[in-house]
Amino acid sequence: MKRNANLLICTLLSVVLMFSCQAMKNAFTADADEGDFSFEENLEGHKTYRHVPAKKPKQTASTTGSGQRGKMGVTVTAKDNAKLYKEIEKWYGTPYKYGGCSMSGIDCSCFVKNIYQSVYGINLSRGAAYILNDVSVISRGQLREGDVVFFANNKKSISHVGIYLKDDMFAHASSSKGVTISRLSEKYWDSRYFSAGRHAKVTTKWK
C-alpha cells in the first residue's frame, strides 16, 4: 500500500515538473538579445513571465543630404541647393577669428566670401560693409536661399554678415560660436538686423 502511494506521488511530481518545465520553456522562447523578461507572482508563489522587447535606437543621419538632417540640424530637400548646404557643412564648427580666412579660424565676411566663391563662382568683396555694395538691397520679406543678411550693433554701421538659408535660418561665423546656423527671429539677431541683399547671379535654379 505504501509502495503504491509513493509511486502515485512520484507520478504526480513528474507530471507537475513536466508542465512547469514546458511553461518555462515557452516563456523563454525569445533570444535574450532581443529584450528582457518581467514576471508577476501571485499569492501562491506562481510566476507568470512576459517578454519585454528591446527598444530599437532611433536612426540619425550623419551627413547633410536630400531629406536628411545632418550635423547642422537642417533638413535638405530636393528644392534646396544641396551644394550650398554641403559647403556650409564643411565649415560648420570652425572657430571664429577676426581677420581669419581658413579652417583654423575665420570671420564673418570671409565665410560668406568663401561660400559664394565655391557655390556660385562669385567673388565678393572682403568686409561685411563692402559686400553690401555687391548686392541689390531687398526687403526682409523677400528673403530666399542664398541671399546675404547684414547686421549692425547700432543700426547705422554694418558689423556682421551671413547667408540666408530658409525657414528663418541663416549661416554665419559667430564670434561666440564660430561657423553656425541661427534664426533671424532670435532676439539678439532680430534687434540687430540691418538689411538684406541679393546678387544678380544667384538664383534658385541649379544643376
Side-chain angles (χ1 to χ4, degrees), residues 60-96 100-103 106-153 155 158-207:
T60 56
S62 58
T63 57
T64 299
S66 181
Q68 296 181 332
R69 288 176 64 87
K71 64 181 181 180
M72 300 188 299
V74 180
T75 300
V76 181
T77 69
K79 296 181 180 180
D80 303 317
N81 186 344
K83 185 177 181 180
L84 171 63
Y85 288 89
K86 288 181 178 179
E87 191 62 31
I88 292 173
E89 188 176 42
K90 291 179 183 178
W91 290 92
Y92 192 80
T94 299
Y96 177 88
C101 204
S102 68
M103 287 290 183
I106 193 168
D107 63 20
C108 63
S109 63
C110 190
F111 170 69
V112 172
K113 180 179 175 65
N114 282 349
I115 295 299
Y116 258 63
Q117 182 63 54
S118 299
V119 178
Y120 305 112
I122 297 172
N123 185 28
L124 294 178
S125 300
R126 182 75 164 92
Y130 295 111
I131 293 177
L132 183 61
N133 298 323
D134 298 331
V135 298
S136 299
V137 176
I138 59 174
S139 69
R140 187 165 174 173
Q142 294 176 307
L143 279 169
R144 70 187 187 195
E145 181 186 82
D147 289 337
V148 185
V149 285
F150 301 90
F151 303 88
N153 287 328
K155 291 291 185 180
I158 296 173
S159 58
H160 193 64
V161 64
I163 301 174
Y164 185 77
L165 300 177
K166 61 177 181 177
D167 301 332
D168 195 47
M169 297 181 290
F170 70 100
H172 61 123
S174 164
S175 59
S176 60
K177 298 180 180 179
V179 176
T180 187
I181 291 177
S182 303
R183 289 187 177 276
L184 291 176
S185 57
E186 291 176 24
K187 185 177 180 180
Y188 182 88
W189 297 112
D190 184 56
S191 64
R192 290 165 173 75
Y193 181 85
F194 183 82
S195 66
R198 179 174 299 154
H199 196 281
K201 294 183 179 180
V202 175
T203 68
T204 56
K205 303 295 182 181
W206 53 84
K207 295 182 180 180

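As the structure is a prediction and not an experimental result, all values here were calculated from the model. When a residue number appears, it is its place in the shown sequence, counting from 1.
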- Checking Lys113 side chain against Leu124 main chain: does a donor-acceptor pair fall under 3.5 Å? yes
- Donor-acceptor contact below 3.5 Å, side chain Arg140 vs main chain Tyr193: no
- Task: Taking salt bridge (Lys or Arg N to Asp or Glu O under 4.0 Å) as the test, write out the residues that go with Asp134, two or more places apart.
- Result: none
- Query: So do Gln142 and Val137 actually touch side chain to side chain, heavy atoms under 4.5 Å?
  - Reply: no
- Is the shortest heavy-atom distance from the side chain of Thr180 to the side chain of Tyr96 under 4.5 Å? no
- Query: When you measure from the side chain of Tyr116 to the backbone N and O of Gly146, does any donor-acceptor pair fall under 3.5 Å?
  - Reply: yes
- If we only count heavy atoms from C-beta on, is the Asn133 to Ser125 side-chain gap below 4.5 Å? no
- Item | Ion pair check, Glu87 and Lys90, cut-off under 4.0 Å | yes
- Query: Are Arg192 and Tyr188 in a cation-pi contact, defined as NZ or CZ under 6.0 Å from the six-membered ring centre and within 45° of the axis?
  - Reply: yes
- Query: So which heavy atom on Gly100 is nearest to which on Cys110, and how close?
  - Reply: O-CB, 3.6 Å
- Task: Evaluate the side-chain proximity of Met72 to Tyr85: yes if any heavy-atom separation is below 4.5 Å, no if none is.
- Result: yes
- Message: In terms of relative ring orientation, are His160 and Phe151 parallel, tilted or perpendicular, with 30° and 60° separating the classes?
- Response: tilted
- Message: Counting C-beta onward and ignoring hydrogens, is there a side-chain heavy-atom pair between Leu84 and Leu165 closer than 4.5 Å?
- Response: yes
- Message: Would Ile88 and Val119 count as a side chain to side chain contact (heavy atoms under 4.5 Å, CB included) here? Give the steps.
- Response: CA-CA 10 Å; Ile88 292 173; Val119 178; over 6 Å; no
- Minimum side-chain heavy-atom gap Asp80-Glu145 below 4.5 Å: yes
- Task: Go through the structure and list residues passing side-chain contact (heavy atoms from CB on, under 4.5 Å) with Ala152, not counting sequence neighbours.
- Result: Asn154, Phe194
- Rounded to the nearest 0.5 Å, how far apart are SG of Cys101 and CG of Asn114? 4.5 Å
- Message: Show, in sequence, the C-alpha distance, side-chain angles and deciding distance for Asp147 and Phe170, and conclude whether the side chain to side chain contact (heavy atoms under 4.5 Å, CB included) test is met.
- Response: CA-CA 9 Å; Asp147 289 337; Phe170 70 100; over 6 Å; no
- Query: Is there a side-chain contact between Lys166 and Val74, using heavy atoms and a 4.5 Å cut-off?
  - Reply: yes
- Message: Applying salt bridge (Lys or Arg N to Asp or Glu O under 4.0 Å), can you list everything that pairs with Arg183, at least two apart in sequence or on another chain?
- Response: none
